[in-house]
Novice: 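This structure is in structure tokens; I'll ask about it shortly.
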Amino acid sequence: SVGPCNASQQREDLSELCPRIRDTTVSSKAQSDPDKQKKPVYIYSPELIQRCDAMPKIINRASKVHTLIQAYGLLNSMQVVPPRSATTEEMLGFHAEDYIQFLSLLGRQTDEEKLEEESEQYGLTYDCPINRHVYTYAALTSGASLRAAECLMEGRSQVAVNWCGGWHHAKRDMASGFCYINDIVLAILKLREKYDRVLYVDLDVHHGDGVEEAFCASTRVMTISVHKYSPGFFPGSGGLDSIGVGKGRGYTVNIPLLEGARDEEFVPLVCRVLHKAREVFSPQALVCQCGADGLSGDPMDSFSLTPTAYSRCLQFMLQWRLPTLVLGGGGYNSPNTARCWTRLTAILCGHKLSSEVPDHKFFMSYGPDFELNISPGNRKNMNSKEALRRIHNTIIENLDKLKSSSSQQQEKTQS
Ligand SMILES: O=C(CCc1ccccc1NC(=O)c1cccc(C(F)(F)F)c1)NO
Ligand SMILES: [Zn+2]
């Protein structure tokens with residue numbers, strides 16, 4: 001029967017799901033790789049933080065993330081690189097001209113009321129509030145992700161991170177879900193100038209619909225999104241049967257989960273899918289969106305994840321030693337989002353962190369225990385073992401078809 005099952009029963013059963021994926025820590029030999037010795041690139045400038053801080057749905061979040069990373073002394077282990085603004089031409093690589101023009105008009109326009117009706121058609125409504133600064137903010141956060149991608153392409157490092165990016169809902173001619181410009185699509189298009197096959201992984205609790213839509217017909221970009229999929233939950237897309245269109249069929253992967261998902265089932269399932277995806281797609285570059293709104297205690301109140309889930313999945317991908325772009329996204333409990341992304345930043349730097357939050361400007365936000373870790377809580381877990389097994393088997397079968405079809409594809413071209 002499908003229904004909530006207790007965590008302990010799940011735990012021993014799920015171990016059979018991924019016999020191979022026992023140890024997900026980055027092996028010491030990975031550190032010997034010369035590229036590994038280069039410090040991760042960390043995109044930062046005071047202006048980038050200040051503009052993100054001002055955004056209504058994530059007030060002061062960017063400062064909390066950056067200041068905690070700084071308080072743990074991680075900045076010295078990274079190459080701090082300032083962002084640039086995305087050019088109009090770069091934006092038009094994905095977005096529609098009329099949409100970009102309208103957004104940039106907002107920057108110049110003073111009385112926003114006049115644009116009311118036109119804003120509607122571009123999705124600039126309640127979820128995506130407009131103000132004079134939106135265009136500059138969106139251009140800068142997108143330019144930050146583009147700058148990170150460029151650092152990977154010029155071999156400046158093997159890993160680059162932009163915690164102010166990850167805006168996965170933005171469509172070519174519409175803002176959506178608080179996303180205005182899709183920095184992820186722009187960064188993937190940039191990476192594709194050098195890498196033939198790019199793998200996109202979306203860990204946010206919401207389906208990465210904007211990125212999936214952009215590449216759903218492509219065999220050069222595989223998108224994998226794990227998210228809550230349940231009636232009425234935004235954006236509503238991302239079902240198990242959504243696998244891509246035309247020649248891109250099979251290159252879109254969705255892992256739809258119900259409320260209450262926990263680390264012990266999230267990690268094996270995601271890592272098993274990643275393992276198979278790498279086997280059949282053999283990507284040359286990787287983009288990972290780490291939206292932290294799946295954490296226990298987030299106002300989204302959906303999953304019961306802790307930063308361990310994000311850490312294990314990221315560590316699993318880092319073992320591949322591919323040029324890797326790490327991005328932010330959702331995350332509406334700012335201290336918890338800072339806890340999670342600081343943990344991930346430490347992994348990129350190969351550093352261990354004390355579980356005691358160090359004293360710093362926002363120290364009081366981490367009370368009452370001032371702990372770096374987050375407990376999973378005990379909300380009901382609606383994901384049954386059977387449902388997880390079915391999701392896993394369906395996805396593995398879909399990916400295996402890709403392997404056989406792509407080899408047929410090769411035979412055809414060779415013959
Ligand atoms: O996080 C998102 C977007 C979430 C979203 C989609 C569509 C409409 C609104 C939102 N955002 C919120 O609902 C939201 C954003 C910030 C804070 C809150 C809160 F009220 F839950 F705290 C809620 N994508 O990864
Ligand atoms: Zn989200």
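In listed order, ligands and their atoms are each counted from 1. What you are looking at is a predicted structure, and each value in this text was computed from that prediction instead of being measured.
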Novice: If we only count N/O pairs under 3.5 Å, is Q289 in contact with ligand 1?
Specialist: no
Novice: Quick check on contacts: which atoms of ligand 1 are under 4.0 angstrom from a heavy atom of Y332?
Specialist: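 Listed by number with element: 1 (O), 2 (C), 3 (C), 4 (C), 15 (C), 16 (C), 17 (C).
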Novice: So which N/O/S atom does D204 have closest to the Zn ion (ligand 2)?
Specialist: OD1
Novice: Taking non-hydrogen atoms only, is F178 closer than 4.0 angstrom to ligand 1 via side chain, backbone, both or neither?
Specialist: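 It is neither; nothing of F178 touches ligand 1.
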Novice: Short list, please: which atoms of ligand 1 are under 4.0 Å from a heavy atom of G177?
Specialist: 3 (C), 6 (C), 7 (C)
Novice: Would you mind listing which atoms of ligand 1 come within a distance below 4.0 Å of any non-hydrogen atom of H168?
Specialist: 24 (N), 25 (O)
Novice: For G208 versus H168, what's the shortest heavy-atom pair and its separation?
Specialist: CA-ND1, 3.4 Å
Novice: Nearest protein heavy-atom contact for atom 20 (F) of ligand 1: which residue, which atom, what distance?
Specialist: P299 CB, 4.8 Å
Novice: Considering non-hydrogen atoms only, spot the tightest contact between A148 and L325 and give its length.
Specialist: CB-CD1, 3.4 Å
Novice: So which heavy atom in the protein is nearest atom 15 (C) of ligand 1, and how far is it from that ligand atom?
Specialist: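 Going by distance alone, atom 15 (C) of ligand 1 is nearest to K57 CD, 3.3 Å.
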Novice: Knowing that exactly one of E212, H169, K228 qualifies, which makes a side chain to side chain donor-acceptor pair (under 3.5 Å) with H207?
Specialist: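 Running side chain to side chain donor-acceptor pair (under 3.5 Å) over E212, H169, K228 with H207 returns exactly one hit, E212.
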Novice: Below a 4.0 angstrom heavy-atom separation, can you tell me which part of H206, side chain or backbone, both or neither, approaches ligand 1?
Specialist: side chain
Novice: For S142 and D183, which I'm curious about, is there any donor-acceptor pair between the side chains at under 3.5 Å?
Specialist: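 No - no donor-acceptor pair under 3.5 Å links their side chains.
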Novice: What is the name of the N/O/S atom in D293 that sits closest to the Zn ion (ligand 2)?
Specialist: OD2
Novice: How close does the nearest protein non-hydrogen atom get to atom 14 (C) of ligand 1, and which residue and atom is it?
Specialist: M300 CE, 3.5 Å
Novice: May I ask which of M55, H169, R61 has a heavy atom nearer to atom 24 (N) of ligand 1 than the others do?
Specialist: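 Result: the heavy atom closest to atom 24 (N) of ligand 1 is in H169.
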Novice: In this structure, which one of V226, T394, L388 forms a side-chain contact (heavy atoms from CB on, under 4.5 Å) with I255?
Specialist: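 Among the candidates, only V226 passes.
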Novice: Going by an N to O cut-off under 4.0 Å, is there a salt bridge joining D53 and R61?
Specialist: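 So D53 does not pair with R61 through a salt bridge.
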Novice: Can you tell me if, anywhere in H206, an N/O/S atom lies at a distance from the Zn ion (ligand 2) that is smaller than 2.8 Å?
Specialist: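 Of the N, O and S atoms in H206, at least one lies under 2.8 Å from the Zn ion (ligand 2), which means yes.
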Novice: Can you name the atoms of ligand 1, numbered from 1 with element, that are less than 4.0 Å from a heavy atom of D293?
Specialist: 1 (O), 2 (C), 25 (O)
Novice: Walk me through whether E90 and R84 qualify under salt bridge (charged side-chain N to carboxylate O under 4.0 Å, His left out).
Specialist: CA-CA 12 Å; E90 283 170 326; R84 63 178 173 81; 2.7 Å; yes
Novice: Please assess K401 against E397 for the test salt bridge (charged side-chain N to carboxylate O under 4.0 Å, His left out), listing each intermediate value before the final yes or no.
Specialist: CA-CA 6 Å; K401 284 185 199 131; E397 278 160 30; 5.4 Å; no
Novice: When you measure from atom 6 (C) of ligand 1 to every protein heavy atom, which one gives the shortest distance, and what is it?
Specialist: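 For atom 6 (C) of ligand 1, the nearest protein heavy atom comes out as F234 CD2, 3.3 Å.
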Novice: Show the numbers, then the answer: is there a salt bridge (charged side-chain N to carboxylate O under 4.0 Å, His left out) between R379 and D301?
Specialist: CA-CA 9 Å; R379 66 167 294 141; D301 196 23; 2.7 Å; yes
Novice: Taking 4.0 Å as the limit for heavy-atom contacts, which would you say applies to V205 with ligand 1: side chain only, backbone only, both, or neither?
Specialist: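 Neither part.
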Novice: Taking the basic N atoms (NZ, or NE/NH1/NH2) and the acidic carboxylate oxygens, is any pair closer than 4.0 Å for E259 and K380?
Specialist: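 Salt bridge flag = no for K380 with E259.
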